[in-house]
Amino acid sequence: MSEVVLRGFGWRHAGRRAWAVRDVDLHIAHGERVLLLGPSGAGKSTLLAALAGLLPEDSGEAEGTIEIDGLDPRKARDRAGIVFQDPQTQLVMARSGDDVAFGLENRGVPPAQIWPRVSDALDRVGFPYPITRSTAALSGGEAQRLALAGVLALRPGVLLLDEPTANLDPAGATLVRESVSGLTDTTMILVEHRVAEALPLVERVVVLEPGGGIRADGTPEMVFAAYGDRLADEGVWVPGFTIPPLKSATAATPDLVRAEAVSVLNRLAPVTLGVGAGEVLAVTGPNGAGKSTLALIIGGLLAPSAGRVRGFGDAKPPHKWRAATLTGRIGSVFQNPEHQFVTSRVADELAVGPRRLGRSPTAVATTVSDLLERLRLTKLANANPYTLSGGEARRLSVATALATAPRLLVLDEPTFGQDRRTWIELVTLLATLRDDGHGIMAVTHDDDFVQTLADRTFPLGTAPFQDPLPHRRPRP
């Protein structure tokens with residue numbers, strides 16, 4: 001177990017005028033379990049990265065002090081383990097078992113202990129494949145479980161979790177929470193938007209004040225009793241606050257795009273579905289079932305191994321359309337927002353699509369300004385997209401898809417990382433687009449999204465290529 005102490009801590013990313021986090025005074029005792037809350041952009045992820053010793057001195061400006069067991073976090077990295085919002089950023093090996101073993105090998109754990117610890121960690125998070133499974137073949141949720149296993153295998157003194165269940169199906173999320181709840185000798189700091197599910201794991205809630213400092217610190221009962229209404233208004237997912245449904249009042253039109261018996265070898269079993277204008281179609285199902293692969297096919301970004309896709313009256317399948325044609329008809333949002341960023345400024349990112357379609361400078365500027373305002377990104381117009389919080393990056397990725405006003409939007413986990421306020425704004429925006437005649441297909445594990453917005457749900461079944469009883473064995 002480790003002790004965490006922050007005194008007036010702050011961090012500002014290089015090139016940014018505003019501080020990501022500031023004036024944080026906090027003491028977390030050995031073995032405490034803390035839920036760290038705050039609106040999107042309040043600095044939660046930055047604070048976790050600082051505690052993990054992952055903020056290089058030349059990448060920003062720091063103030064105050066931050067310590068783990070009396071040491072600067074950069075000198076205490078062997079005591080802290082972190083799971084990021086984006087698990088792909090911490091997978092380093094080609095095979096899953098090797099990835100979990102990587103940290104143990106680097107810390108000099110005796111070889112005889114490594115593979116039993118690898119197997120134990122994989123079993124605790126419910127990883128569904130053998131240790132030889134390629135990390136490149138994992139879905140986002142499966143990669144999240146693997147990343148958590150890699151951290152648990154290290155048995156860190158302080159465990160830092162940045163939305164560890166955000167990309168997981170309900171069964172996977174339950175397994176992760178159970179694996180975390182069983183840790184009895186670890187200090188834990190958890191960032192999680194699913195507050196109700198996270199509360200049984202913690203004994204203390206700390207709320208960051210946007211702009212600096214700590215808003216509230218105490219037991220969950222004390223914090224929500226004193227600040228619940230205010231926190232909900234500012235975007236925190238306070239338990240018990242419901243959201244009214246935003247279902248369509250009209251029937252969907254014929255399909256904009258339709259897939260017939262499409263499949264991808266080892267990634268997606270045959271699927272037939274269509275997406276019509278004026279509807280929100282939610283694609284649900286367990287991790288590894290092929291939801292993201294299906295989204296890429298419908299979005300014209302991947303050719304199926306078998307089956308056919310047609311749309312917009314075009315004889316060619318979407319993956320064979322010219323880039324400008326595809327951009328004008330279908331907008332896609334990837335599961336990982338950073339995979340679609342191509343510039344170093346938020347405003348420039350929003351201008352890429354309209355410029356590609358040959359729109360005038362005035363029209364481009366109007367589109368960029370409107371989207372910055374609608375998605376609460378105006379203050380970040382000059383920021384580097386790669387320095388945004390997870391929630392901000394997700395909103396930017398949605399905005400880039402909207403910039404060309406496509407008739408069909410294909411969204412992969414569109415509400416990931418959003419606080420309550422930005423979630424409502426994003427869902428309301430999608431409802432408006434649907435009511436204006438756009439079609440929307442959303443891959444999601446967010447049941448609130450499904451209940452609030454989806455007009456139709458398409459569940460994919462169990463992952464077709466998943467090994468039901470993975471065999472653990474030492475690396476050959």
Side-chain angles (χ1 to χ4, degrees), residues 11-22 39-46 59-61 85-86 89 210-211 235 299 301 323-324 326-407 409-419 421-430 432-433 436 438:
W11 177 265
R12 177 165 56 188
H13 293 287
R16 297 282 285 272
R17 182 172 301 176
W19 290 78
V21 63
R22 199 172 196 187
S40 178
K44 303 181 295 296
S45 296
T46 300
S59 68
E61 177 184 354
Q85 284 180 325
D86 174 16
T89 60
L301 301 174
L326 180 63
T327 301
R329 291 174 174 174
I330 304 175
S332 291
V333 174
F334 303 150
Q335 190 175 66
N336 181 347
E338 294 184 352
H339 286 176
Q340 63 195 90
F341 297 155
V342 296
T343 76
S344 59
R345 289 176 69 246
V346 166
D348 293 340
E349 201 68 41
L350 295 176
V352 170
R355 286 173 179 160
R356 182 176 294 160
L357 295 181
R359 294 179 182 164
S360 70
T362 299
V364 171
T366 299
T367 296
V368 170
S369 177
D370 178 59
L371 287 171
L372 288 172
E373 182 68 26
R374 292 173 79 181
L375 290 165
R376 288 184 177 268
L377 295 169
T378 302
K379 293 181 179 179
L380 299 169
N382 295 316
N384 189 313
Y386 295 95
T387 67
L388 303 181
S389 72
E392 292 164 347
R394 169 54 72 210
R395 296 203 303 281
L396 176 59
S397 66
V398 172
T400 61
L402 296 176
T404 58
R407 288 290 309 284
L409 282 172
V410 180
L411 312 174
D412 199 342
E413 299 291 354
T415 56
F416 167 70
Q418 298 307 304
D419 63 30
R421 179 172 57 184
T422 57
W423 188 97
I424 291 173
E425 291 170 349
L426 181 56
V427 168
T428 301
L429 173 60
L430 294 177
T432 300
L433 290 169
D436 287 342
H438 295 264

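Here, residue 1 is the first one in the sequence, and each next residue gets the next number.
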If you look at every heavy atom in [X] and [Y], which pair is closest and at what distance?
X	Y	answer
His339	Phe334	CB-CD1, 3.8 Å
Thr422	Arg376	CG2-CD, 4.2 Å
Ala401	Leu409	CB-CD2, 3.8 Å
Ala383	Leu388	CB-CD2, 4.3 Å
Pro414	Val398	O-CG2, 4.5 Å
Gln340	Ser397	NE2-O, 3.5 Å

How long is the straight-line distance from [atom2] of [Y] back to [atom1] of [X], given to the nearest 0.5 Å?
X	Y	atom1	atom2	result
Thr428	Trp423	OG1	CH2	8.5 Å
Thr387	His13	OG1	NE2	6.0 Å
Arg16	Asn384	CZ	CG	8.5 Å
Leu350	Arg345	CG	CZ	10.0 Å
Arg394	Phe416	CZ	CZ	7.5 Å
Arg421	Leu426	CZ	CG	14.0 Å

For [X] and [Y], indicate whether the former's side chain and the latter's backbone hold a donor-acceptor pair under 3.5 Å.
X	Y	answer
Lys44	Ser389	no
Glu61	Arg12	no
Arg355	Ser360	no
Tyr386	Phe341	yes
His438	Pro406	yes

Would you say that [X] contacts [Y] through its side chain, given a criterion of any heavy-atom pair below 4.5 Å between the two side chains?
X	Y	result
Leu377	Leu371	no
Pro337	Leu396	no
Trp11	Ser59	yes
Val333	Asp412	no
Leu433	Leu402	yes
Ile330	Val410	yes
Arg329	Arg407	no

### Task
In sequence, state the C-alpha distance, the side-chain angles, and the governing distance for Leu429 and Leu375, and then conclude on side-chain contact (heavy atoms from CB on, under 4.5 Å).
CA-CA 9 Å; Leu429 173 60; Leu375 290 165; 3.8 Å; yes
Only counting residues at least two apart or in another chain, list the ones meeting side-chain hydrogen bond (donor to acceptor under 3.5 Å, both in side chains) with [X].
X	answer
Thr327	none
Thr404	none
Ser369	none

### Query
Do you know which of Thr400, Val342, Val364 makes side chain to side chain contact (heavy atoms under 4.5 Å, CB included) with Val352?
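Testing Val352 for a side chain to side chain contact (heavy atoms under 4.5 Å, CB included) against Thr400, Val342, Val364 leaves exactly one candidate, Val342.
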### Message
With side-chain contact (heavy atoms from CB on, under 4.5 Å) as the criterion, how do Leu372 and Val346 come out once you've worked through the C-alpha distance, each side chain's angles and the decisive distance to 0.1 Å?
### Response
CA-CA 9 Å; Leu372 288 172; Val346 166; 3.8 Å; yes
### Message
With side-chain contact (heavy atoms from CB on, under 4.5 Å) as the criterion, how do Leu411 and Leu430 come out once you've worked through the C-alpha distance, each side chain's angles and the decisive distance to 0.1 Å?
### Response
CA-CA 11 Å; Leu411 312 174; Leu430 294 177; 3.8 Å; yes
### Task
Start with the C-alpha gap between Asn382 and Arg17, add the side-chain angles, then the distance that decides, and say whether side-chain contact (heavy atoms from CB on, under 4.5 Å) holds.
CA-CA 10 Å; Asn382 295 316; Arg17 182 172 301 176; over 6 Å; no
